[in-house]
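Below, each value reflects all heavy atoms present in this structure, side chains not excepted, and no hydrogens, waters or symmetry copies. Order of appearance sets the numbers: ligands from 1, and atoms from 1 within every ligand. Residue indices begin at 1 and follow the sequence shown.
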Amino acid sequence: MSDSRRRGGVLHFTKMHGLGNDFMVIDAISQPFQLPPERIRELSDRHFGIGFDQVLVVEPPGRPDVDFDYRIFNADGSEVEQCGNGARCFARFVREQRLTNKDRIRVQTRAGVIALDVQRDGWVTVNMGVPSFEPGTIPFKAAEPAVTHTLEVDGHAVTVSVVSMGNPHAVLLVDSLETAPVETLGPALEGHPAFPERANIGFLEVQDRRHARLRVHERGAGETLACGSGACAALVAGIRQGRLDAEARLELRGGPLSLSWQGEGAPVMMTGPTARVFDGRLSVPGAKAGKPAKSARGGRRRRGSRGRQRHAGRRRGEQS
Ligand SMILES: N[C@H](CCC[C@H](N)C(=O)O)C(=O)O
């Protein structure tokens with residue numbers, strides 16, 4: 001390990017993206033990592049900082065049956081449970097950094113374990129785990145699960161499908177992405193009181209049973225060019241509403257993803273590209289070695305915390 005890495009003071013990172021959903025990727029195995037939430041917010045700025053939708057952190061495995069821990073921070077500094085486009089970039093990064101030579105990489109996120117299958121030319125297939133519709137898991141304030149729920153937003157009734165892919169999603173079916181009220185309804189639903197931990201909001205335009213278009217207003221990042229977990233949630237919502245088949249191609253603003261879901265209890269499979277843009281060095285004055293900073297949501301949960309337990313049982317069937 002180079003001397004500069006020992007001295008601290010410099011944080012090496014790699015800028016990557018999955019269909020334009022872009023990331024600051026950090027190897028926290030080979031170097032100390034500590035970025036407090038307010039520093040993440042500063043660095044996510046596309047004019048005064050590096051510019052990214054999320055920070056992805058590679059950590060040593062916290063349990064014997066996974067290869068790495070995978071931590072995710074939104075641009076607003078909040079730590080979250082899942083990032084599908086990020087999972088593909090994570091797989092490419094750990095291979096290219098020679099942190100593993102496996103073709104199938106298992107990682108532990110806050111939501112549970114997911115499997116990443118490295119394909120050729122930078123493409124990766126991710127087993128995104130089993131979706132949940134249980135209000136308590138999402139979390140979503142409702143008496144019981146349903147295919148759709150109706151929420152009141154500024155005096156209007158809005159019909160949504162609510163899905164957890166480890167992180168919370170609401171999906172609306174719209175006639176046209178061009179006229180969908182993403183800029184207004186996205187933030188209004190993200191912060192709706194029915195979502196105690198906020199939510200990612202997908203706007204789905206079905207073209208036929210195997211093709212759809214999607215825009216996503218992401219929790220903690222705003223509208224992004226693509227959202228992998230959002231695409232999984234949208235496929236599941238479209239299937240449950242009888243509008244999509246088990247396999248579909250979803251076109252996001254940044255490009256297409258291929259997805260499949262065989263129904264209740266099955267995992268969602270997602271395949272898509274990755275891109276590595278540049279490697280960077282960030283001076284970190286007074287950097288201290290040690291574990292990542294406490295997240296904006298009150299610090300790191302201990303392993304096996306309520307959050308993971310909340311998801312762990314649900315996702316037990318996710319591995320192929
Ligand atoms: N904004 C999301 C995390 C990133 C998800 C997205 N970038 C993806 O590809 O799944 C959340 O707060 O749950």
Side-chain angles (χ1 to χ4, degrees), residues 15-25 37 40-41 44 51-57 70-93 107 109-112 114 116 124-129 131-132 137-140 162-171 182 186-187 189-192 195-204 214-237 250 252-259 267-275 295-297 307 310-311:
K15 187 77 191 319
M16 302 184 77
H17 72 82
L19 301 180
N21 181 201
D22 62 342
F23 311 111
M24 176 186 187
V25 188
I40 290 176
R41 285 192 288 274
S44 70
F52 49 74
D53 295 326
Q54 279 88 30
V55 177
L56 311 179
V57 184
Y70 165 31
R71 294 182 73 191
I72 304 134
F73 298 84
N74 280 321
D76 71 355
S78 57
E79 184 168 4
V80 291
E81 311 88 343
Q82 183 65 279
C83 180
N85 286 325
R88 301 199 309 277
C89 290
F90 187 105
R92 175 171 176 172
F93 179 76
V107 301
T109 74
R110 276 186 146 186
I114 58 175
L116 322 176
V124 179
T125 295
V126 183
N127 174 330
M128 288 288 289
S132 173
T137 302
I138 292 169
F140 176 66
V162 185
V163 184
S164 172
M165 289 307 304
N167 57 347
H169 292 268
V171 181
V182 179
L189 282 172
E190 173 193 358
H192 193 283
F195 295 104
E197 295 188 9
R198 299 185 291 164
N200 303 281
I201 313 302
F203 297 80
L204 179 65
L214 177 69
R215 289 175 67 183
V216 182
H217 169 91
E218 284 199 33
R219 174 179 63 171
E223 182 175 5
T224 56
L225 294 179
C227 179
S229 57
C232 296
L235 172 78
V236 168
L250 266 62
L252 295 105
R253 291 178 61 191
L257 287 172
S258 299
L259 301 120
V268 181
M269 305 303 291
M270 170 189 64
T271 299
T274 63
S295 75
R297 290 180 10 180
R310 189 178 68 208
H311 291 295

Among all protein heavy atoms, pick out the one at the shortest distance from [atom]; state its residue, atom name and that distance to 0.1 Å.
atom	result
atom 9 (O) of ligand 1	Gly228 N, 2.8 Å
atom 10 (O) of ligand 1	Ser229 OG, 2.6 Å
atom 5 (C) of ligand 1	Glu218 OE1, 3.5 Å
atom 7 (N) of ligand 1	Asn21 OD1, 2.8 Å

Can you find a non-hydrogen atom of Asn74 under 4.0 Å from ligand 1? yes

Against ligand 1, does Ala221 come closer than 4.0 Å with any heavy atom? no

Qualifying residue for side-chain contact (heavy atoms from CB on, under 4.5 Å) with Ser229, from Met165, Glu81, Glu218: Met165

Between [X] and [Y], is there a donor-acceptor pair closer than 3.5 Å when you use the side chain of the first and the backbone of the second?
X	Y	answer
Asn127	Ile114	no
Asn200	His169	no
Asn74	Arg219	yes
Arg253	Gly20	no

Which ligand 1 atoms, with their elements, are less than 4.0 angstrom from a heavy-atom of Gly84? 8 (C), 9 (O), 10 (O)

Within a distance under 4.0 Å of any heavy atom of Asn85, pick out the atoms of ligand 1 and give their elements. 8 (C), 9 (O)

How about Val25 and Phe52: do any of their side-chain heavy atoms sit closer than 4.5 Å? no

Have a look at ligand 1 and work out which part of [X], if any, has a heavy atom under 4.0 Å from it: side chain, backbone, both or neither.
X	result
Asn200	side chain
Val80	side chain
Gln82	backbone

Purely on distance, is any nitrogen or oxygen of Asn167 under 3.5 Å from one on ligand 1? yes

Run the side-chain hydrogen bond (donor to acceptor under 3.5 Å, both in side chains) check on Glu197 and Asn167 step by step: do they pass? CA-CA 9 Å; Glu197 295 188 9; Asn167 57 347; over 6 Å; no

Salt bridge or not for Arg198 and Glu190, using N-O below 4.0 Å? yes

